[in-house]
Each structure stands twice: as C-alpha cells, then as structure tokens.
Amino acid sequence: MQQAPPAALDAQSTVKKMNAYTEGFNKLSDSFGLRDTMKRYFDVNVPARSAKDDIGVGAGWIAQAVPALKQGRAIKAADTEALDAQADTLIEAIDRLVSLMREIEPYFTSKAYKTDNLAKGMAQDILIRQAFKDSHDAYEAFEKGLEEVHRRSVDAEIAALNAQGNRKMYAARLGMQQAKDVIGSFNDGASLRNADSYAKADRLVSGLESTLTLQREVEKTLPENAIRINYRQLTDSLTTMVGEYRSLKESRDAARFNQMVRHFNVAVGAVNALNEGD
C-alpha cells in the first residue's frame, strides 16, 4: 500500500487536532459551559449571602471539555505551537477551576454552610472567582488562537483554489470568508454604534461585492442542475446580507445585524451543498 506524502499526513494531523480543539472549545461555549457557569456562580454572589439563605452552586459541564482539549493537545501538527501553548494554559486553568468547584459543590448541596456560618464558602469564593477569571482569560486567548489557525488554513485553501484555476470554488470560498469578516466587524452591541466598525465593514463589503460579481459570472457558466441552484442561492444570500448591512448602517438596529447573520447562515448551507456536489 502506498503511503500518503508527508505534507498530506501533516494536513490530516492538523485537521484532527483542530477538530478536537474545536470540540473542546464548543463545549466550553455551550449551555452550562464556562461562561454560563461563571455567570451563574457570580450571580449567586456568595459574599452577600448569609447562612440562613438557600444557596445553590454547581460546577456545570465545564469538565466535559477537557478530554477533547487534551486529545487535541496530544496530536502533533505543524505551525500550531502558539495554539498548543494557549491550550496548555486553558487546560491548566480549567482543571484548577473544576477541582475547586467539585470541592465546594457538596458543601452547598448538603447545606454544610449552615453549620459553619458560611465560613468555608466565603474563603473559597476568593479562590473560585480568581479561577473563573483565569479560565475566562485563557478561553478568550484560545478562541483567538483557534481563529488565527483556522484563518491561515482558509487563506491557504483559497490561494490553492485560485492557483488551480477553480473559479467556482475560489469565488465561493473567498466570498464566504469576506462575508464572515464583515460580520466579524461587529463583536458586541456597542460596536453596532461605533463609526470605526462601519468604516472597516465598508472596506470589506467593497471586496465582497467584487467577489459577488465574479460569482455571478461563474454561475452563468454552470449547467442547469443542483450545483447551479446552490451557487445561485449562495450569491443571492450574500447579496441580501450586503443589503441588510446597509440597512444596519442606516438604522443601527440590532435586528438588522441578526438578519445579516441569518442570510450568512443560509449561504453556509449553500456552500456546504456545493462541497457535497463536487
């Protein structure tokens, strides 16, 4: 049996690593993940409570993310050293947080805090708050690291498609990345009212519209079949997203941003269908 070349094997390792890392990250992002559990804990506000109160504290499902993160860390892949270092910090922080939360959870569940006037809960609260902060900081750094590695991969794929002369998928992939960048110009509610966000998005939309022109040219060359229908849906969805962006710029209405995301997600489905049709 002929073995795959080293470059192909390395690409496979990178995909496996990124899939495992993404699985772990998504579990931290889901309900009862890190952010959700952190909010729930801080909302309890242990220092403001008394032993007479009914207090509930839970560890959530944070620990479920650790096996996937450790699996990803164990896979060797090229150009992921910085991401691996971020993963090490995140895993260490999560392990520390989970240990503290599992220690204190039965204390509250059994209402043992009523026997020591909440003394242990108060003492542990300082450590737990710091552990949440450390974990959240590591989580955000890891998120940026994941995005950087993913972006390098996407940029390389787009460049390869262009070099191969694959205009259909080149224009499709480029348009999707440009649309994602437009949406990424707005990372919170405040950015919807920030002039700099719109200045950045305007520049990105200009590039996206050039790509949409290319997509329309490509679509005319495709046979009348499911591939052409999906390609047209891709272009139409991104074009509508651009229209919603201009309405957002005019109104600063978050509902318009949500419509941008909705049309982008329709485009995701269309480009995925294109991949399946190849």
Checking K111 against D54 for the side chain to side chain contact (heavy atoms under 4.5 Å, CB included) test, could you report, in this order, the C-alpha distance in whole Å, the side-chain angles of both residues, the deciding distance, and whether it holds?
CA-CA 8 Å; K111 301 191 187 301; D54 285 329; 3.4 Å; yes

Can you label the angle between the F257 ring and the F186 ring as parallel, tilted or perpendicular, going by 30° and 60°?
perpendicular

Would you find more than 12 non-hydrogen atoms of other residues, nucleotides or ligands less than 6.0 Å from K114 atom NZ?
yes

Taking atom CD as the centre, does E250 end up with more than 12 heavy-atom neighbours from other residues, nucleotides or ligands that are less than 6.0 angstrom away?
no

Between the main-chain N or O of [Y] and the side-chain N or O of [X], is there a donor-acceptor pair closer than 3.5 Å?
{"X": "S237", "Y": "V266", "result": "no"}
{"X": "S153", "Y": "V149", "result": "no"}
{"X": "S206", "Y": "R203", "result": "no"}
{"X": "R252", "Y": "R193", "result": "no"}
{"X": "S135", "Y": "A93", "result": "yes"}
{"X": "N162", "Y": "I158", "result": "no"}
{"X": "D30", "Y": "G33", "result": "no"}
{"X": "T37", "Y": "L34", "result": "no"}
{"X": "N194", "Y": "D196", "result": "yes"}

Would you please test R232 and D236 for salt bridge (Lys or Arg N to Asp or Glu O under 4.0 Å) and show each step?
CA-CA 6 Å; R232 185 181 300 129; D236 288 348; 5.5 Å; no

Would you compute the distance between atom [atom1] of [X] and atom [atom2] of [Y] and round it to the nearest 0.5 angstrom?
{"X": "L69", "Y": "K27", "atom1": "CG", "atom2": "NZ", "answer": "9.5 Å"}
{"X": "L234", "Y": "M176", "atom1": "CG", "atom2": "CE", "answer": "6.5 Å"}
{"X": "R228", "Y": "Q233", "atom1": "CZ", "atom2": "CD", "answer": "15.0 Å"}
{"X": "N230", "Y": "T235", "atom1": "CG", "atom2": "OG1", "answer": "11.0 Å"}
{"X": "R246", "Y": "M260", "atom1": "CZ", "atom2": "CE", "answer": "11.0 Å"}
{"X": "I62", "Y": "L97", "atom1": "CD1", "atom2": "CG", "answer": "4.5 Å"}

Check the pair K168 / E219 against salt bridge (Lys or Arg N to Asp or Glu O under 4.0 Å), numbers first and verdict last.
CA-CA 8 Å; K168 180 186 77 174; E219 194 234 313; over 6 Å; no

For [Y], is there an ion pair with [X] - N to carboxylate O distance below 4.0 angstrom?
{"X": "D181", "Y": "K200", "value": "no"}
{"X": "E148", "Y": "R152", "value": "no"}
{"X": "K180", "Y": "E147", "value": "yes"}
{"X": "R262", "Y": "E244", "value": "no"}

Is [Y] reachable from [X] through a run of I, L, V, M, F, W or Y residues, each pair having side-chain heavy atoms under 4.5 Å apart?
{"X": "F32", "Y": "L28", "value": "no"}
{"X": "V154", "Y": "L204", "value": "yes"}
{"X": "F108", "Y": "V44", "value": "yes"}
{"X": "I229", "Y": "L212", "value": "no"}
{"X": "L127", "Y": "I94", "value": "yes"}

Would T80 and Y21 satisfy side chain to side chain donor-acceptor pair (under 3.5 Å), going step by step from the backbone distance to the final call?
CA-CA 11 Å; T80 59; Y21 272 162; over 6 Å; no

How close do [X] and [Y] get, counting heavy atoms only, and between which atoms?
{"X": "M241", "Y": "F264", "value": "SD-CB, 3.9 Å"}
{"X": "R173", "Y": "E157", "value": "NE-OE2, 3.3 Å"}
{"X": "Q215", "Y": "Y231", "value": "O-CE2, 3.4 Å"}
{"X": "S29", "Y": "Y139", "value": "OG-OH, 2.7 Å"}
{"X": "L208", "Y": "Q178", "value": "CA-OE1, 3.4 Å"}
{"X": "R73", "Y": "K17", "value": "O-NZ, 3.8 Å"}

Given Q130 and D134, is the side chain to side chain donor-acceptor pair (under 3.5 Å) satisfied, shown in steps?
CA-CA 6 Å; Q130 186 61 49; D134 292 344; 2.8 Å; yes

Verify side chain to side chain contact (heavy atoms under 4.5 Å, CB included) between E217 and T213, making sure each step is shown before the conclusion.
CA-CA 6 Å; E217 292 173 1; T213 298; 4.0 Å; yes

I want to check something: taking the side chain as every heavy atom from C-beta on, are [X] and [Y] in contact at a cut-off of under 4.5 Å?
{"X": "L83", "Y": "F142", "answer": "yes"}
{"X": "V66", "Y": "K70", "answer": "yes"}
{"X": "H263", "Y": "L238", "answer": "no"}
{"X": "Y170", "Y": "L214", "answer": "yes"}
{"X": "Y41", "Y": "M38", "answer": "no"}
{"X": "Y113", "Y": "K120", "answer": "no"}

Please tabulate, for the side chains in residues 99-107, all donor-acceptor contacts under 3.5 angstrom to protein atoms that are two or more places apart in sequence or on a different chain.
from	atom 1	to	atom 2	distance (Å)
Y107	OH	D116	OD1	2.7
Y107	OH	D116	OD2	3.0
Y107	OH	G121	N	3.3

Stepwise side chain to side chain donor-acceptor pair (under 3.5 Å) check, R216 with T239:
CA-CA 11 Å; R216 293 185 191 100; T239 302; 2.9 Å; yes

Intermediate values then yes/no, side chain to side chain donor-acceptor pair (under 3.5 Å), R256 and Q259:
CA-CA 5 Å; R256 291 296 188 180; Q259 286 299 309; over 6 Å; no

Does a donor on one side chain and an acceptor on the other come within less than 3.5 Å for S185 and Y198?
no

Could you walk me through whether R96 and E92 pass the salt bridge (Lys or Arg N to Asp or Glu O under 4.0 Å) test, one step at a time?
CA-CA 6 Å; R96 165 77 170 154; E92 182 180 356; over 6 Å; no

Working note: T14 + I75, criterion side chain to side chain contact (heavy atoms under 4.5 Å, CB included); need CA distance, chi angles, decisive distance, verdict.
CA-CA 8 Å; T14 300; I75 298 172; over 6 Å; no

Cation-pi geometry met for R35 and F132 (6.0 Å, 45°):
no

Is the positively charged end of R129 above the ring of F42, judged by distance under 6.0 angstrom from the centroid and angle within 45° of the axis?
yes

